[in-house]
Amino acid sequence: MPRTIEGKYVTKSSKVFQEGDNAWLAGDYDTARNKYREAAKLYLDSGDEEGAAFVYSRLGELELSQYNYESANQALTTALELAKNSAQAENTYGEILIRLSKVRTAQLNYNAALDLVHKAEQVLDDIGNRNLSGDAYEHEAYIQLMMGNDSAALKAYKTAAQLFESERVTLKEAAVLRSLARLEMRRKNYDEAHEILEKCRALYRENGDLLGEASALSAIGSLRFLIGDIPNARKALMKSVYLYGKAGHNFAEAEALLYLARVEASNQEQGSYPRARAHYKHSIELYDFMQNDIMKHAVLEEYQNFLNKTGYKGD
């Protein structure tokens, strides 16, 4: 493993590894690749196969992020062979299996991806690493969804959420709950989805994650609108708009305003056509500010259709 004392890298190999991480963060991918390869060689020269496996795994992660699947596969396969030979590398071995499964998923080889992630689950469950186990089950859920196995995906998501909750990895738990709620909505289990989203929102709020909370509120608003609960849909979406604005996320704010406009435009009894007009216009203004002409014209067209439908002549 890259060696640290109080968070500082202390060996030449670990320092070179850190230089690779720094280069990746700065977007200098070629330098990052070279530093990772140099660090891996230094670890191997010192007899530290676990350290080399860790570095090759990071190199594979970099290549995967750049959609270089063959290079990612090569680096991760090398990492897997090295980790196999180290009795101390079970955590690294499990993580490599997850990353290799993601490569297979990106290559649309879902059966191979599923085999790898199941192996990762077994390894990580055996050593009691619940955090990485949660990552494995979360990725399994994604694979199952891609294969059209909603029930298996639901089970994997629930397992991942339970594992993250047991370790108090609350942001990961919240992200999984968001995906789980989306799946429950698709299955028309609206009460269950709402309960999950409220827990998801509470976790984001607990962490001070404005964007996460806003996303959960937007989902709650969309769900309430779907079942015809206009007042609560409005309430959730207004909070979502506020939080997105506070966080300075213009695109998400514009999108939430569009959802809010649709809620208000849905019917004259529970909604409000004047508020719908205001929300449509604000959404259009934000897309214009971001120079997103595609979304600007799409919302403008929807707005004009709304005006024609309601017979409003003021704009």
Side-chain angles (χ1 to χ4, degrees), residues 145 150 154 174-175 177-202 204-205 209-315:
L145 283 177
D150 284 7
L154 192 71
L177 288 173
R178 181 73 177 81
S179 298
L180 181 57
R182 189 180 297 116
L183 183 53
E184 291 287 19
M185 286 175 66
R186 195 163 82 185
R187 291 159 60 90
K188 302 188 186 305
N189 296 331
Y190 299 129
D191 289 342
E192 180 72 15
H194 186 266
E195 184 178 337
I196 292 168
L197 285 170
E198 286 291 357
K199 184 176 181 180
C200 174
R201 178 198 173 190
Y204 280 127
R205 188 166 191 170
D209 187 332
L210 293 180
L211 292 177
E213 184 180 359
S215 173
L217 282 164
S218 179
I220 291 170
S222 298
L223 171 59
R224 302 320 296 179
F225 181 43
L226 187 64
I227 63 176
D229 184 357
I230 302 301
N232 282 315
R234 176 191 298 120
K235 183 179 178 181
L237 285 167
M238 286 182 70
K239 288 180 181 177
S240 177
V241 168
Y242 169 75
L243 289 176
Y244 278 134
K246 188 175 179 180
H249 198 310
N250 292 325
F251 186 89
E253 182 184 1
E255 187 177 52
L257 280 163
L258 174 59
Y259 297 157
L260 188 54
R262 289 170 178 168
V263 168
E264 298 293 4
S266 60
N267 65 70
Q268 203 165 9
E269 291 71 30
Q270 291 182 291
S272 166
Y273 288 170
R275 282 199 294 262
R277 291 194 294 271
H279 297 322
Y280 273 125
K281 290 167 73 173
H282 191 184
S283 179
I284 292 164
E285 288 167 1
L286 282 172
Y287 284 125
D288 184 49
F289 171 74
M290 292 182 287
Q291 299 182 328
N292 189 326
D293 289 338
I294 293 176
M295 285 304 302
K296 173 188 170 183
H297 291 305
V299 179
L300 186 58
E301 182 179 357
E302 183 175 324
Y303 178 47
Q304 290 298 334
N305 289 336
F306 165 71
L307 295 178
N308 292 336
K309 177 182 176 182
T310 58
Y312 185 72
K313 305 296 182 182
D315 285 66

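The structure displayed is predicted, hence computed values, not measured ones.
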Determine whether Arg186 and Leu145 satisfy the following criterion, side-chain contact (heavy atoms from CB on, under 4.5 Å), listing intermediate values before the conclusion.
CA-CA 12 Å; Arg186 195 163 82 185; Leu145 283 177; 3.4 Å; yes

Might you work through the side-chain contact (heavy atoms from CB on, under 4.5 Å) test for His279 and Val241, ending with a clear yes or no?
CA-CA 10 Å; His279 297 322; Val241 168; over 6 Å; no

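The shortest heavy-atom contact between Pro231 and Gln270 is CD-NE2, 3.8 Å. Between Leu183 and Asp150, the shortest heavy-atom distance links the atoms CD2-O, 3.8 Å. Across every non-hydrogen atom of Leu197 and Ala216, the tightest pair is O-CB, 4.2 Å. Smallest separation of non-hydrogen atoms from Tyr303 and Lys281: OH-CD, 3.4 Å. Ser266 and Phe225 make their closest contact through CB-CE1, 3.6 Å (heavy atoms, listed as atom of the first residue, atom of the second, distance). Phe251 and Met295 make their closest contact through CE1-CG, 4.3 Å (heavy atoms, listed as atom of the first residue, atom of the second, distance).
When the shell of 6.0 Å around CD of Glu195 is examined, it contains 12 or fewer heavy atoms from other residues, nucleotides or ligands. Residue Arg205 qualifies as open at atom CZ: its count of foreign heavy atoms under 6.0 Å is 12 or below.
No side-chain heavy atom of Leu243 sits less than 4.5 Å from a side-chain heavy atom of His249. Between Leu257 and Glu285, every side-chain heavy-atom pair lies at or beyond the 4.5 Å cut-off. When side chains are defined from C-beta on, Lys296 does not count as touching Phe289, because their heavy atoms never get closer than 4.5 Å. Between Ile227 and His194 the shortest side-chain heavy-atom distance does not fall below 4.5 Å.
Side-chain atoms of Asn308 come within 3.5 Å of backbone atoms of Gln304 as a donor-acceptor pair (strictly under, hydrogens ignored). At distances below 3.5 Å, not a single donor-acceptor pair connects side-chain atoms of Ser215 with backbone N or O atoms of Leu211.
From Ser222, atom OG reaches atom CZ of Arg182 across 10.5 Å, with rounding to the nearest 0.5 Å. To the nearest 0.5 Å, atom CG of residue Asn189 and atom CG of residue Leu154 are 8.0 Å apart. Summarising the geometry, atom CZ belonging to Arg201 is positioned 14.5 Å from atom CG belonging to Leu177; distances are rounded to the nearest 0.5 Å. Note: Leu237 CG to Glu255 CD = 10.5 Å, rounded to the nearest 0.5 Å. The line from CD of Glu213 to OH of Tyr244 is 10.5 Å long, rounded to the nearest 0.5 Å. If you take CG on Leu217 and CD on Glu198, they are separated by 7.5 Å, rounding to the nearest 0.5 Å.
Pairs engaging residues 218-245 under the salt bridge (Lys or Arg N to Asp or Glu O under 4.0 Å) rule: Arg224-Asp229, Arg234-Glu264 [sequence neighbours left out].
Residues passing the side chain to side chain contact (heavy atoms under 4.5 Å, CB included) test with Ala193, sequence neighbours excluded: Glu184, Met185, Leu223.
In this pair, Phe306 and Tyr273 present their aromatic rings perpendicular. The plane angle is above 60°, beyond the 30 to 60° band.
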